[in-house]
Amino acid sequence: MTVIERAARKAAPRLRRDFNEVQHLQVSRKGPADFVSMADKRAEQTLVEELRHARPDWAILAEEGGELPGDPNKPRFIIDPLDGTSNFLHGLPHFAISIAVEEPMAGGKREVTTGLIYQPLTDESFWAEKGRGAWLQDQRLRVSSRRDMSEALIATGIPFMGHGDFAQWSRIFGAVAPEVAGIRRFGAASLDLAWVAAGRYDGYWESNLQPWDVAAGMLLVREAGGFVTDFRGGDKMMERSEFLAANDVLQSKLHKLVAGALR
């Protein structure tokens with residue numbers, strides 16, 4: 001945790017400076033409505049340099065640079081240097097650095113055991129270690145205790161040009177929206193999950209995400225006493241690229257609504 005927080009705080013000042021001069025950033029198209037900026041690349045370079053210096057034999061899976069090889073018997077870092085790039089480029093102050101540590105387990109499986117989501121503008125450091133709970137700085141986090149869907153505030157991600165299944169999302173929205181107090185889309189999956197862990201959101205669903213979007217956030221939710229499943233309530237989140245998070249009671253109610261919309 002010390003290593004990954006040091007790396008995030010090393011990358012953060014440049015992101016803050018670039019955010020304040022966002023109109024001057026050099027931006028290139030990475031795909032339909034999917035932009036990558038020089039700020040993104042510089043942040044990732046800083047993170048990789050810091051993490052490689054501290055753990056030279058660990059692999060790194062990064063959003064921009066892909067897989068950087070390491071010892072397969074050692075853990076690997078999973079990093080998103082700037083989650084919420086579109087927010088960043090439009091001057092919206094909602095983005096984060098996300099870093100997770102994934103360790104090899106028995107039977108060839110791998111498990112995320114450490115995660116950090118750092119919001120550079122608010123200086124909020126959401127972090128979790130397996131078995132040690134989830135924290136915001138030194139404050140212990142717990143998922144929301146709400147049990148009634150009519151009181152729940154739910155987060156989501158909306159498909160956009162070239163990304164996601166809008167028809168499927170519309171069916172899910174049509175099933176969930178009439179049952180809840182509100183639905184929010186703020187544009188940074190890592191922070192959505194961190195806010196579920198902190199009880200700011202009562203639940204969350206989104207599809208078509210990558211490991212660097214969710215690795216740290218999933219651990220945060222679980223260590224804060226919540227549950228993360230696929231849309232049918234199972235454990236095939238990565239295989240299906242479906243992510244649904246909430247406390248135990250709302251998780252059951254939410255996944256039944258979402259699964260029903262998929263029939």
Side-chain angles (χ1 to χ4, degrees), residues 4-5 7-48 61-65 77-100 115-128 136 153-164 169 183-198 200-201 204-221 241 243 245:
I4 64 177
E5 180 149 20
R9 290 184 178 276
K10 184 74 175 289
R14 186 61 180 263
L15 280 179
R16 286 193 289 265
R17 289 195 299 271
D18 284 341
F19 180 73
N20 289 328
E21 299 178 4
V22 68
Q23 66 272 25
H24 304 304
L25 289 177
Q26 301 176 38
V27 181
S28 60
R29 273 193 182 272
K30 191 169 59 173
D34 190 2
F35 300 99
V36 59
S37 69
M38 291 305 297
D40 204 322
K41 293 177 179 178
R42 285 192 293 254
E44 181 167 298
Q45 181 181 3
T46 299
L47 292 175
V48 168
L61 176 62
E63 181 182 14
E64 304 303 332
F77 296 109
I78 302 175
I79 65 175
D80 190 339
L82 178 53
D83 184 32
T85 303
S86 292
N87 285 347
F88 187 94
L89 293 175
H90 287 83
L92 300 179
H94 190 75
F95 55 89
I97 297 167
S98 178
I99 308 174
L116 170 76
I117 297 168
Y118 181 66
Q119 219 290 25
L121 297 183
T122 61
D123 192 36
E124 290 180 305
S125 180
F126 300 90
W127 62 275
L136 171 55
L153 184 64
I154 307 297
T156 189
I158 302 174
F160 55 96
M161 188 171 65
H163 292 262
W169 181 88
I183 294 178
R184 299 290 183 268
R185 192 279 197 265
F186 282 0
S190 62
L191 285 171
D192 286 342
L193 287 165
W195 286 14
V196 172
R200 299 177 185 180
Y201 288 141
Y204 164 78
W205 93 86
E206 189 167 358
S207 60
N208 200 42
L209 297 171
Q210 299 297 326
W212 47 80
D213 296 316
V214 297
M218 288 171 62
L219 180 66
L220 272 159
V221 171
S241 191
F243 304 90

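- No donor-acceptor pair closer than 3.5 Å links the side chain of His163 to the backbone N or O of Pro159.
- Under the 6.0 Å cut-off for aromatic ring centres, Trp195 and His94 qualify, their centroids lying closer than that.
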I'd like to know whether Ser125 forms a side-chain contact (heavy atoms from CB on, under 4.5 Å) with Leu116, so could you lay out the CA-CA distance, the side-chain angles of the two residues, the decisive distance to 0.1 Å, and finally the verdict. CA-CA 7 Å; Ser125 180; Leu116 170 76; 3.1 Å; yes
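- The residue from Lys41, Arg42, Glu63 that alone fulfils the side-chain contact (heavy atoms from CB on, under 4.5 Å) condition with Pro81 is Glu63.
- Residue Met218 holds its CE atom at 10.5 Å from CG of Leu209, rounded to the nearest 0.5 Å.
- Residues satisfying the side chain to side chain contact (heavy atoms under 4.5 Å, CB included) criterion with Ala96, sequence neighbours excluded, are Ile117, Ser190, Leu191.
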Before you tell me yes or no, could you show the steps for Asn208 and Phe243 under side-chain contact (heavy atoms from CB on, under 4.5 Å), namely the whole-Å CA-CA distance, both residues' side-chain angles and the distance that decides it to 0.1 Å? CA-CA 9 Å; Asn208 200 42; Phe243 304 90; over 6 Å; no
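- Here the closest heavy-atom approach between residue Trp127 and residue Leu220 is recorded as O-CD2, 3.5 Å.
- Arg184 and Tyr201 form no side-chain donor-acceptor contact under 3.5 Å, judged by distance and modelled atom types alone.
- Expressed to the nearest 0.5 Å, how far CD of Glu21 lies from CZ of Arg16 amounts to 14.0 Å.
- Looking at every heavy atom in both residues, Leu193 comes nearest to Gly217 through CB-CA, 3.7 Å.
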Could you please spell out the steps behind the side-chain contact (heavy atoms from CB on, under 4.5 Å) verdict for Leu121 and Leu15? CA-CA 9 Å; Leu121 297 183; Leu15 280 179; over 6 Å; no
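- Here the side chain of Asp123 pairs no donor or acceptor atom with the backbone of Gln119 at under 3.5 angstrom.
- Glu5 has its side chain within reach of Arg9: a pair of non-hydrogen atoms, C-beta onward, lies under 4.5 Å apart.
- Scanning both residues, Tyr204 and Ala189, for their nearest heavy atoms gives OH-CB, 3.5 Å.
- Two residues are said to be in side-chain contact when any heavy atoms from C-beta on lie closer than 4.5 Å; Ile99 and Tyr118 fail this criterion.
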Could you go through the side-chain hydrogen bond (donor to acceptor under 3.5 Å, both in side chains) check for Trp169 and Ser207 one step at a time? CA-CA 9 Å; Trp169 181 88; Ser207 60; over 6 Å; no
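- For the pair Thr46 and Lys10, the tightest heavy-atom approach, listed with the atom from each and the gap, is CG2-CG, 3.6 Å.
- Side-chain polar atoms of Asp40 and Thr85 form a donor-acceptor pair below 3.5 angstrom.
- Here the closest heavy-atom approach between residue Pro211 and residue Leu61 is recorded as CB-CD2, 4.3 Å.
- Remark: the backbone N or O of Phe186 is paired with a side-chain donor or acceptor of Asn87 at under 3.5 angstrom.
- Residues satisfying the salt bridge (charged side-chain N to carboxylate O under 4.0 Å, His left out) criterion with Arg14, sequence neighbours excluded, are Asp18.
- Residues Phe88 and Phe19 place their aromatic rings such that the two centres sit under 6.0 Å apart.
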Applying side-chain contact (heavy atoms from CB on, under 4.5 Å) to Leu82 and Ile97, what does each step give before you reach the verdict? CA-CA 5 Å; Leu82 178 53; Ile97 297 167; over 6 Å; no
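- Listed here is the closest heavy atom pair of Glu44 and Glu64: OE1-N, 3.0 Å.
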